[in-house]
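To start, the structure itself, in structure tokens.
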Number of protein chains: 2
Amino acid sequence: MDIKFDLNKSLFNRDPQETPLGKKIIENSILLIDKIGFEAFTFKKLAVIIGSAEKSIYRYFENKHMLLLFLTSWYWEWVHYLIDVNIRNLDDPKKKLKMAIINLVNATSENPMNKQINEKLLHQVVIKEGGKAYHIIEIDEENTAGLFQSYKILVKVVADIMAEVNPKFPYCTSLSSNLFEMANNQIYFAEHLPRLSSLKSGKNQNEDLIKMLYLFTSKILY
Amino acid sequence: MDIKFDLNKSLFNRDPQETPLGKKIIENSILLIDKIGFEAFTFKKLAVIIGSAEKSIYRYFENKHMLLLFLTSWYWEWVHYLIDVNIRNLDDPKKKLKMAIINLVNATSENPMNKQINEKLLHQVVIKEGGKAYHIIEIDEENTAGLFQSYKILVKVVADIMAEVNPKFPYCTSLSSNLFEMANNQIYFAEHLPRLSSLKSGKNQNEDLIKMLYLFTSKILY
DNA sequence: AAAATAAAATAGTATTACTGTAAAAATTAT
DNA sequence: ATAATTTTTACAGTAATACTATTTTATTTT
């Protein structure tokens, strides 16, 4: 990848961002998970596709769950980075909030910063499979090990902007985490379970979603 | 079960609500999924626990995914039933909305209507594993087959109450589905990823959650 | 009492999720 | 440039998973 993030070292045995094989694993795992779904995804199948050995993938990741956690963490780092860059020049907290929402919805439409990671597809993977990274029986140990840091920090960044907007509002953290969860959920619903969303799948979907999320957030906050 | 719901027939090969073995499967699958998590849960393990044969469980459910879908559907039917009963005498749409929120959070604290299904545990299972029922590669086919009806109908019931409260609000469906998703998510976060929630895990958690959800919803709607 | 259906017992298969070992290739250190 | 080390590949192996099949036994329906 052209852009690297410092992810928690417990996410991997060996950092895939640092070797050609590692990059191939990341690149193709996104493609394959998107194509066949996380349940059917195996290291064997991935190894065949990249012309490598199953064992070689295990040298990078303990198992497919850790790979998914790596991918989602990388994604949240990327969104975090975009938000950071784009609110840097803004002073008005309301404008910052709006910008954060735009970025978390549109993360994928930005000019891609690297060739190895297809952010559009990665976003799709996070939408479809992201929840499986933390809905696991080992949640408490993994959380203690810091494996969800990237997401937690991002949620805090946005919660802090909300607190700037309205210092008296007592539920910034929940409002922030719900913003992220809701954004991805509503995209998924619009496409696959349309009776669960007011959004219409299609051309203006992202615009509509931004509008809706900003309306919800500002109504609650202002 | 003492209370039965008419669930979509494609959810099962044979309705588990109608035989003693079926009831045992339901009862113990909730216990086992809660205990070891959905990933580690297998029909083999369940068969050993209930002293039956793996094949006998397959006579009821095509696979463990269908069983999970059955459990979550049953749960949403149960919440739907509670809401229906408790808003029956109410005229004020705002009061109906409040009651719906109370019921969707407190579904488990009601006096249990049946011995076979432990609603408290079932709620825990829905919170932890429910999303896995629809984050699957087969989503579109299964949706076409009507397997998510129970949830969709429930979301519509609450969306319709919201539309009564404010007929001009254009995002009732998304607000409703987000209400359900958020409720379960925030309970999960409060317990396992506390930095993602403003709720404190503990005694008044449900009260606090109801307060927060009602505040969010009414701020957006009124 | 006979026929039909359900459940249990047992066996079997392809795939999954790994672990182990040894050889070949690539990298790094001297 | 050569040796030492590490990485990757190739191959083998194991226990468990996610089923399917078959036969026997038990239960229910007619």
Side-chain angles (χ1 to χ4, degrees), chain A residues 9-29 32-33 35-71 116 129 132-133 135-138 141-142, chain B residues 9-29 32-33 35-71 116 129 132-133 135-138 141-142:
Chain A
K9 302 231 174 322
S10 305
L11 287 170
F12 45 76
N13 296 146
R14 147 166 276 255
D15 191 343
Q17 297 176 106
E18 286 181 345
T19 71
L21 180 59
K23 290 174 186 178
K24 253 179 138 182
I25 291 172
I26 296 306
E27 190 189 349
N28 289 282
S29 65
L32 188 55
I33 292 173
K35 192 176 169 193
I36 65 175
F38 188 64
E39 280 69 34
F41 171 85
T42 70
F43 281 1
K44 187 90 241 285
K45 290 174 187 167
L46 179 59
V48 169
I49 286 171
I50 64 181
S52 177
E54 206 182 350
K55 192 72 193 269
S56 304
I57 300 171
Y58 277 104
R59 181 157 285 119
Y60 287 84
F61 295 103
E62 209 180 314
N63 50 45
K64 70 175 182 173
H65 166 245
M66 285 296 167
L67 171 54
L68 180 63
L69 211 40
F70 179 93
L71 293 178
Q116 307 303 329
E129 318 286 3
K132 294 171 192 169
H135 283 105
I136 43 156
I137 200 89
E138 304 87 357
E141 299 134 60
E142 292 194 3
Chain B
K9 301 229 174 328
S10 305
L11 287 169
F12 46 76
N13 295 146
R14 148 166 275 250
D15 192 342
Q17 297 176 105
E18 285 182 345
T19 71
L21 179 59
K23 290 175 186 178
K24 253 179 138 182
I25 290 171
I26 296 305
E27 190 189 350
N28 288 281
S29 66
L32 188 56
I33 292 173
K35 192 176 169 194
I36 66 175
F38 187 64
E39 279 69 34
F41 171 85
T42 69
F43 281 1
K44 187 92 242 284
K45 289 173 186 167
L46 179 59
V48 169
I49 286 171
I50 64 181
S52 176
E54 206 183 349
K55 190 69 195 271
S56 304
I57 300 171
Y58 277 106
R59 180 155 288 117
Y60 287 84
F61 294 103
E62 208 181 314
N63 50 44
K64 70 175 180 172
H65 166 245
M66 284 295 166
L67 171 53
L68 179 64
L69 211 40
F70 179 93
L71 293 178
Q116 307 301 330
E129 318 287 3
K132 294 170 192 169
H135 283 105
I136 43 156
I137 201 88
E138 304 87 358
E141 298 134 61
E142 292 193 2

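Order of the sequence lines fixes the chain letters, A, B, ..., with proteins taken first and strands second; residue numbering starts at 1 for each chain. Everything quoted here is computed from the prediction, not taken from an experiment.
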Starting at CD1 of Ile25(A) and ending at C1' of dT8(D), how long is that distance when rounded to a whole Å? 11 Å

Separation of atom CD in Glu39(B) from atom P in dA16(D), rounded to whole Å: 19 Å

Rounded to whole Å, the CD-P distance (Glu54(B) to dA21(D)) equals 14 Å

Check if the side chain of Arg14(B) and the base of dA6(C) share a donor-acceptor pair of N or O atoms closer than 3.5 Å. no

For Phe43(A), does the six-membered ring have the charged nitrogen or CZ of Lys64(A) within the cation-pi criterion, i.e. under 6.0 angstrom from the centroid and within 45° of the normal? no

Atom CD1 of Ile36(B) and atom P of dA16(D): how far apart are they, to the nearest Å? 13 Å

If you look at every strand shown and take non-hydrogen atoms under 4.0 Å, does Tyr58(B) touch a base, only sugar-phosphate, or nothing? base

Ser56(B) (side chain) donor-acceptor with Ser52(B) (main chain) under 3.5 angstrom: no

Taking only side-chain N and O atoms of Ser56(B), does any of them lie within less than 4.0 angstrom of OP1 or OP2 on dA8(C)? yes

Starting at CZ of Phe61(B) and ending at C1' of dT17(D), how long is that distance when rounded to a whole Å? 19 Å

Provide, to the nearest angstrom, the distance between the NE2 atom belonging to His65(A) and the C1' atom belonging to dT16(C). 17 Å

Give the nucleotide from the list dT16(C), dT9(D), dT17(D) with an atom nearest to the side chain of Thr42(B). dT17(D)

Any salt bridge between Glu129(B) and Lys132(B), counting N to O under 4.0 Å? yes

note: Lys24(A), atom NZ; dT7(D), atom P; distance rounded to Å ~ 18 Å

Position toward the 5' end of DNA chain C (nearest nucleotide), Lys44(A) or Lys55(A): Lys44(A)

Less than 4.0 Å between a side-chain N and a carboxylate O, is that true for Glu18(B) and Lys23(B)? no

Report the nucleotide, chosen from dT16(C), dC19(D), dT8(D), that has the shortest atom-to-atom distance to any side-chain atom of Asn63(B). dC19(D)

Give a yes/no on whether any side-chain N or O of Tyr60(B) is located under 4.0 angstrom from OP1 or OP2 of dA7(C). yes

So, does Ser52(B) get its side chain near the phosphate of dA7(C), meaning an N or O under 4.0 Å from OP1 or OP2? no

How many Å lie between CZ on Arg59(A) and P on dA10(D), as a whole number? 14 Å

What about Lys64(B): does its side chain form a donor-acceptor pair under 3.5 Å with the base of dA18(D)? no

Residue pair Asn13(B) / Glu62(B): nearest heavy atoms and the distance that separates them: OD1-N, 3.5 Å

